[in-house]
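Quick notes on the structure that follows.
Fair warning: this is a prediction, and the values are worked out from it, not measured in the lab.
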Amino acid sequence: MTATLDQSSPARTLVEGWLQRFDQALTAGDARAAADLFADDCYWRDLISFTWNIKTMEGRDAIAAMLEATLDHVRPGNWTITEGEEPAGADGVTEAWIEFETAVGRGRGQLRLKGDGDDARAWTLLTTLYELKGHEEPARGRRPMGAEHGANRERETWAEKRDREARELGYAKQPDVLIIGGGQGGVALGARLRQLGVPTIIVDKHPRPGDQWRNRYKSLCLHDPVWYDHLPYIKFPENWPVFAPKDKIADWLESYARIMELNYWSSTEAKSATYDEATGEWTVTVEREGQPVVLRPKQLVFATGMSGKANLPNFPGMDTFRGDQHHSSAHPGPDAYQGKKCVVVGSNNSAFDICGALWENGADVTMVQRSSTHIVRSDSLMEIGLGALYSEEAVASGMTTEKADLTFASLPYRILHEFQIPAYEAMAERDRDFYLRLEKSGFLHDWGDDGSGLFMKYLRRGSGYYIDVGAADLVANGDVKLVRGQVDHLTENSVVLEDGTELEADLVVYATGYGSMNGWVADLISPEAADQLGKVWGLGSDTTKDPGPWEGEQRNMWKPTQVPALWMHGGNLHQSRHYSLYLALQLKARSVGIPTPVYGLQEVHHTK
Ligand SMILES: Cc1cc2nc3c(=O)[nH]c(=O)nc-3n(C[C@H](O)[C@H](O)[C@H](O)COP(=O)(O)OP(=O)(O)OC[C@H]3O[C@@H](n4cnc5c(N)ncnc54)[C@H](O)[C@@H]3O)c2cc1C
């Protein structure tokens, strides 16, 4: 039921009226009537609360079909406007933060209405589940006591309990969930599962949490600002740098894993995994500090990194090249290359960062641009692209990380580009001189297939851009030399392009990106399982490197896949933080036997 205030604003009255009609239709089990409360052009994005899936229903028919299939068991109700969040109208759209319940959990969401009075119709609706009834996290009023007052000869201290758990889990007791990969994705999910009481082990082949970042080239700092990067539960302190250096992030992840009491097995490599549908159990062989251990979790999560499986090209002559050559992920940094001739193949983030650091260290650097790249200046992106949600100003105006994440999530992917295009037009205008200089240098620049810029490129293909922190100027002014074209072959001491250009080289860096995460599944489970899972990432936008058909959500990320009990997790820090909640709740529900009928499991259209 909707709450009422004595002095209702028109926006509040409008939202209350709509929620009441919506509630009535849902309670009556009338899917069509509920769908009719949506506008002709409408979107309902659900993060597991109705669908046990991450899914956007586009149009009234899709909404009605989803409700037909789910209403009986979801039994939604108690639709209210979130306390302290006043609905507001602007430009013919009324926005409201809302809360609701289902048979098994509590949800929150965001509603955007168009029109007036009883004719108001929903344009966008976001529904998300944030906790399961009876399985709430032990936080705030539910926090653990810590001390056990009284007299007890069997007393076990916190440290003794932790030691016992660490000794037993994986040996005497099997985890419900095994997470392969203990980067930011693995630890964020692990932290949520720990709070939900789901026995979990995280394995990572590196000796220490954070090594994923430590091992990257030494000049690397995060490209995203601190407000966007928080992990769940523990925010960065107020004096944390805006762009954290990679080793600082690494130390944070290491401390986080310890403080959040994660069962983190370092120096442990997952070697193989098979699933037995009859027992509902995985058999995963891992090598822990050289010793084989067989784990039998019910659920298996790959948090092995979207930027983890290096795409190393196979150019003729690579085997004869006498200098140093490596993928960008293996680039140690510039120290050994002062005065050397360095060729960097690629023109995206890593390529620019590496070129910049090599140039700063006195190397003779050439960038080989093979296809066009989108560049956006860091300060412009911060101000125009992220500022309203993730900035000091946003924090000062009361924008919490959680609210920012939900606001971001509330824009359906089908129309997200429409909101992005004007932002990038504003950046183009603001940095007009910069782009003119860049293009003059011969650099091939683009704004994405439809002008929607960096974030859409990231969601669609996870590549094709550089957030400029200075190296673009080096290319524009010729300090870093630029050649355009495809690599034909390597000789003992040079890179030769298809047009015959020969670039002498002591070092070749292949900044050639990363493969789809289902490649990890092929390695560890089987090529058949990788095909059954299909391509990971992308929206099906039918733009460059994101083939259709339209999926409407990130393929295979954080939601059920075509491979039973197999999950993919990761993304940037923002995504890892936000979507780990929904993945953790899906795993928790399965762990305690709450039915999780999945609506609209995605089909596989691409295997790579
Ligand atoms: C150069 C660069 C800069 C980036 N900058 C940013 C940024 O500024 N902001 C941002 O949000 N994102 C950034 N990213 C993207 C992304 O956030 C990072 O790649 C991040 O490390 C991804 O975290 P993850 O936990 O998903 O995967 P990873 O950090 O890649 O961790 C995966 C882990 O899986 C482990 N693993 C793999 N296979 C196995 C196995 N068989 N057994 C055991 N362990 C295994 C690996 O050892 C690794 O530790 C950047 C990426 C790169 C490459």
Side-chain angles (χ1 to χ4, degrees), residues 84-91 93 95-97 110 112 124 126 184 221-232 235-245 248-249 349 352-353 374-413 415-435 438 445 447-448 450-460 464-473 571-579:
E85 296 287 353
E86 205 43 41
D91 303 326
V93 177
E95 282 190 16
W97 290 101
Q110 213 233 26
R112 291 191 185 88
T124 69
L126 170 75
Q184 66 207 28
C221 292
L222 288 191
H223 296 105
D224 297 323
V226 58
W227 309 279
Y228 191 73
D229 298 335
H230 297 296
L231 271 73
K235 302 244 157 79
F236 294 113
E238 289 179 356
N239 55 2
W240 192 260
V242 174
F243 301 107
K248 198 168 167 68
I249 278 290
N349 253 329
F352 270 99
D353 277 355
H374 167 50
I375 299 186
V376 56
R377 301 199 96 163
S378 176
D379 48 355
S380 302
L381 181 67
M382 295 314 119
E383 213 175 297
I384 300 173
L386 289 175
L389 296 179
Y390 302 100
S391 66
E392 208 57 53
E393 293 70 36
V395 172
S397 71
M399 179 59 75
T400 62
T401 310
E402 292 69 24
K403 198 170 153 186
D405 288 352
L406 285 175
T407 305
F408 217 96
S410 72
L411 291 170
Y413 288 135
I415 53 172
L416 187 54
H417 64 284
E418 293 172 18
F419 295 82
Q420 299 287 308
I421 290 168
Y424 286 86
E425 284 172 352
M427 291 183 220
E429 187 54 37
R430 176 182 152 135
D431 297 323
R432 178 198 290 270
D433 291 347
F434 164 73
Y435 290 110
L438 193 67
H445 179 258
W447 292 91
D450 52 2
S452 59
L454 186 133
F455 196 65
M456 293 311 301
K457 266 199 163 185
Y458 173 70
L459 291 172
R460 290 167 174 171
Y465 46 80
Y466 169 51
I467 302 176
D468 180 34
V469 290
D473 273 321
N572 64 27
L573 282 152
H574 151 84
Q575 291 172 308
S576 260
R577 168 183 70 241
H578 185 59
Y579 289 99

Quick one: closest heavy-atom pair of F352 and A472, and the distance? CE2-CA, 3.7 Å

Rounded to the nearest 0.5 Å, what's the gap from CD on E392 to CE on M382? Could you check? 14.0 Å

Rounded to the nearest 0.5 Å, how far apart are CG of L454 and CD1 of I375? 11.0 Å

Considering residues at least two apart in sequence or located in another chain, which fulfil the side-chain contact (heavy atoms from CB on, under 4.5 Å) criterion with F419? W123, L411, I415

Give, for atom OG of S410 and atom CD of Q110, the distance between the pair rounded to the nearest 0.5 Å. 4.0 Å

Do D468 and S378 come close enough that some side-chain heavy atom pair is under 4.5 Å? no

According to ring-ring contact (aromatic ring centres under 6.0 Å, His included), who are the partners of H578, at least two apart in sequence or on a separate chain? Y582

Do side-chain atoms of K457 reach the backbone of G448 as a donor and acceptor pair under 3.5 angstrom? no

Are the side chains of L381 and F455 in touch, meaning some heavy atoms are under 4.5 Å apart? no

Please report the shortest heavy-atom distance between I249 and A244, naming the atom on each side. CG1-CB, 3.6 Å

Are side-chain heavy atoms of W227 and V395 found at a separation under 4.5 Å? yes

Nearest atoms (heavy-atom pairs only) where P225 meets L386: CD-CD1, 3.7 Å

Strictly distance-based, threshold 3.5 Å: is any side-chain N or O of D91 a donor or acceptor partner for the main-chain N or O of V93? no

Results of side-chain contact (heavy atoms from CB on, under 4.5 Å) for E85 - residues two or more places apart only: T82, W97, K403

By ring-ring contact (aromatic ring centres under 6.0 Å, His included), Y390 pairs with (sequence neighbours left out) Y228, H574

State whether R460 and D450 are salt-bridged, where the test is any N-O pair (Lys NZ or Arg NE/NH1/NH2 against Asp/Glu carboxylate O) under 4.0 Å. yes

Classify the angle between the aromatic ring planes of W447 and Y424 as parallel (below 30°), tilted (30 to 60°) or perpendicular (above 60°). perpendicular

With sequence neighbours left out, the residues meeting side chain to side chain donor-acceptor pair (under 3.5 Å) with Y435 are none

Y465: which residues meet the ring-ring contact (aromatic ring centres under 6.0 Å, His included) condition with it, sequence neighbours left out? none

Note: D473-R377 ion pair, threshold 4.0 Å (strictly below): yes

Can you sort out the partners of L389 under side-chain contact (heavy atoms from CB on, under 4.5 Å), two or more places apart, ordered by chain and number? M399, A404, T407, F408

Please find the pair of heavy atoms, one from S397 and one from A394, that lie closest to each other, and give the distance. OG-O, 2.9 Å

Suppose we screen for side-chain contact (heavy atoms from CB on, under 4.5 Å). Which residues come up paired with S576, at least two apart in sequence or across chains? Q184, H569

Once side chain to side chain donor-acceptor pair (under 3.5 Å) is applied, do any residues pair with D353, and if so which ones, sequence neighbours excluded? Y217, H223

Does the side chain of S380 come under 3.5 Å of the side chain of D431 through a donor N or O and an acceptor N or O? yes

Those residues at least two apart in sequence (or on a different chain) that pass salt bridge (Lys or Arg N to Asp or Glu O under 4.0 Å) with D405 are R577

Restricting to side chain to side chain donor-acceptor pair (under 3.5 Å), what partner residues turn up for E429, sequence neighbours left out? R432

List the residues meeting side chain to side chain donor-acceptor pair (under 3.5 Å) with T124, not counting sequence neighbours, and say none if there are none. R112

When you measure from the side chain of Y458 to the backbone of N572, do you find a donor-acceptor pair of N or O atoms at a distance under 3.5 Å? yes

With a 4.5 Å heavy-atom cut-off, do D224 and L573 have their side chains touching? no

Decide whether a cation-pi geometry holds between K248 and W240; the criteria are a distance under 6.0 Å from NZ or CZ to the six-membered ring centre and an angle within 45° of the ring axis. yes

CD1 of I421 to CD of E425: how many Å apart, nearest 0.5 Å? 7.0 Å

